[in-house]
Amino acid sequence: MTTYILWQIFDKRLLIKEALKDLVVKGLVDVIVEKEFEYYVNDSGLQYISKFESDYYIDYSTAAEEIIDKCSKLSDLDLISIIELRSIYALKEG
Amino acid sequence: MYYIKKIELQTENHSRTEINLQNGLNIICGPSNTGKSLILECIDFMFGGDAEKLTSNPIGFTKICFELSVNNETVILSREIGKKEIRVESSTDLVEDGIYKTGNAKKNTSKLWLSLMGINDEVEVIQKADYSPQKLGVRTFIHTFLIKESRMVGDDSILQNGIGFKGLPISTITSLLYLATENNFLEGHSKINKKLIEEKNKAVQAFVDKSLQSVANQRMEALKHTVDEISPEEITNKINLLMDEIDVTNNKLDEANKKNQLIANRIFIVDNKIAESSMLKNRYAALLTQYESDIKRLTFIAEGEIHKDILPKIDHCPFCNGELTKNQEESCMEAAINEVNNIEKKLNDLKSVYDNIEAEIHSQEIEKSQLLKDQKIVQDEIRGVLEPKINDLRNLLARYRVTLGSVKINEIYDSFESTLNKELKNTIISSSEPEHFDVRSVINEYLADKLDTRLLAILKASNYENISSAVFDIEKCDVKVNGAAKKTHGKGYKAYLNTVMAIALQELLEDYNKHYPQLLAIDSPILSLVEKQDPDDPGASDKMKKGLFKYLVEHSNTRQIIVVENNIPDINYGNANIIKFTKSNEGRYGLIPDYRH
């Protein structure tokens, strides 16, 4: 049984959206607007995160690297599709 | 009812002579050597006796024939001298025709005469005091009622079959008793001869020996299963002690089982507590992780706050390039520090609680471990000590019980052996000491009193000289007159008393009214009775003679009486058949009219 709740997906999505917006506004992430929005950590961002040393950061960055490694090549639709499938599977499992 | 109607004699020269008789009194009288006594010899011969006197007689008899009247029917008996058989020609169903042999043949002369007396079945009577039986034959008692001259004057009782016999004539007495009572006194008694006794004893001994051997084998077999040779009391005590010990051990086992149950219950409770504590511990651990994560996250936030200075200054929006208004950003550092402090306090408390719960679990684990050890000890005691002990005790108890049973069996065997030996002894003793037929007691019961009365009555009626008492002397089986035994008297008195005795017995049998010979034949009842020179009673003997013959005349209605006598007293003989032999040319000379001595 998973503790993952479906609504959290949307909640996290909003949070991520807000967080990205905040990071862009703070100048740590740049955005390229073409067909769709493309975000990437800029130099300031890299410099900023290079200052972090805490355990949480290390764990977080390790996890983020794994996610990026697994999901960077996936489109939003792919991600949504995977999330939905997992969600349905989780629902079935109860 | 039968009587001899005619006696016919045939001689060597084929001459025939006959004597006609009647029912009632018949008197054949005449001088000596006229053949009177041969009439009794003929009767005896026809009753199965030998022909000694007849064959030794110079007349030369060859055949004797009797014509009997049986219920007014005629039966002819004929027997040749020297032959041991009687030919019977009968016109009545009471007597079967044919040949009747003397001796022990199936169809013998006894059967003939007994059937005339109404006895048709084969009967056994007691021969000796040891209950030896013999067949009832006419020869065992007929001598009592057929008294020849030689026995008439003898010392012996007319019950004795012969002269000079000692002891009681048991077979004659038992025969007469059977005629009188139809009781042969053999019921419930059996004579076992000596050889048979020995064989029986041997068989009993063999049976007992075999039984004892069998008992010994069975005893040995039974004792195989017992090893302890101890007394039944000791075994009983041991059984009681064992049962007590089993009770004690059973109580211990019950207690141990209860203890085991209590420990098991306690283990269950402790297990539950450990489970509860472990669950709490897990929850506390999760909370600890949560708190630690919170601290890490707060540390991360604080780290970001610390390096905020290096963040670039952005005035315009990267999306719309609009001017960004400067927000007064507040530092979250202080709040994070406060939060971390709070969390650390909670964390410390939680750690303390966690440590406590861990200590509690540890303590419970120790308790459980101790309980398991206790349980093992108790279970080891139950399974390793108490239960085997009870089993051992029960096995021992069973063994003692088997032993006790064997002891009982032993006692039974002892008792059986003792009984067998005792029975053996009794059986052998009783076999070697056969039962004794008390003939005196029987005479006393059935004959003595009645004979006493009758003898006295006859003697008084026949004018016996100075008669005051007459008894039947059981030891002598004879009459005792006025306290004096018969042998103390002279020949004439002996003959007189023998005649009276025969009459008394005849009358006694008639009184019993079962079976009786219906014949009394006596030779010379008064021949030797000479006149006594008694000054007080000069004619005493004459009175006695007359008295006897008068008695015979008056008491001859129920039987045939044949009296042979030289001279008969001068009395009124009434209807008596008197045959006189004259020994002269006047009248009938003798038995054979033509024969001259």
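In what follows, every chain begins at residue 1, and chains take the letters A, B, ... in the order their sequences are listed. Atoms considered below: every heavy atom in the structure, side chains included; atoms not considered: hydrogens, waters and symmetry mates. Being a predicted model, the structure only gives us computed values, none of them experimental.
Interface remark: A:Val31 contributes side-chain atoms only to the contact with chain B (heavy atom separation under 4.5 Å). In this structure, the portion of A:Phe37 lying under 4.5 Å from any heavy atom of chain B is its side chain and not its backbone.
For the set A:Phe52, A:Tyr60, A:Tyr57, the count of heavy-atom pairs under 4.5 angstrom toward chain B peaks at A:Phe52. Taking B:Ile295, B:Ile306, B:Leu311, B:Thr299 one by one and counting their heavy-atom pairs under 4.5 Å with chain A, the maximum is reached by B:Leu311.
More than 12 heavy atoms of other residues, nucleotides or ligands lie within 6.0 Å of CD in B:Glu365, so this atom counts as buried by the packing criterion. The 12-atom threshold is exceeded at CD of B:Glu344, counting heavy atoms of other residues, nucleotides or ligands nearer than 6.0 Å. Residue-environment remark: CE (B:Met333) exceeds the threshold of 12 foreign heavy atoms within 6.0 Å. Other residues, nucleotides and ligands contribute over 12 non-hydrogen atoms within 6.0 Å of the OH atom of A:Tyr39.
Pairing each heavy atom of B:Ile314 with each of A:Val24, the nearest pair is CD1-O, 3.7 Å. Between A:Gly27 and B:Pro312, the closest heavy-atom pair is O-CG, 3.3 Å. Contact record, B:Phe300 with A:Ser54: CD1-OG, 3.6 Å, taken as the closest heavy-atom pair.
To the nearest 0.5 angstrom, A:Ser50 atom OG is 6.0 Å from B:Ile310 atom CD1. Taking NZ of B:Lys308 as the reference point, atom OH of A:Tyr48 lies at 8.5 Å (rounded to 0.5 Å). Considering CZ of B:Arg297 and CG of A:Asp59, their distance stands at 12.0 Å, rounded to 0.5 Å. Atom-to-atom distance recorded for A:Tyr56:OH and B:Asp294:CG is 9.5 Å, nearest 0.5 angstrom. Considering NZ of A:Lys51 and CG of B:Asp309, their distance stands at 10.5 Å, rounded to 0.5 Å.
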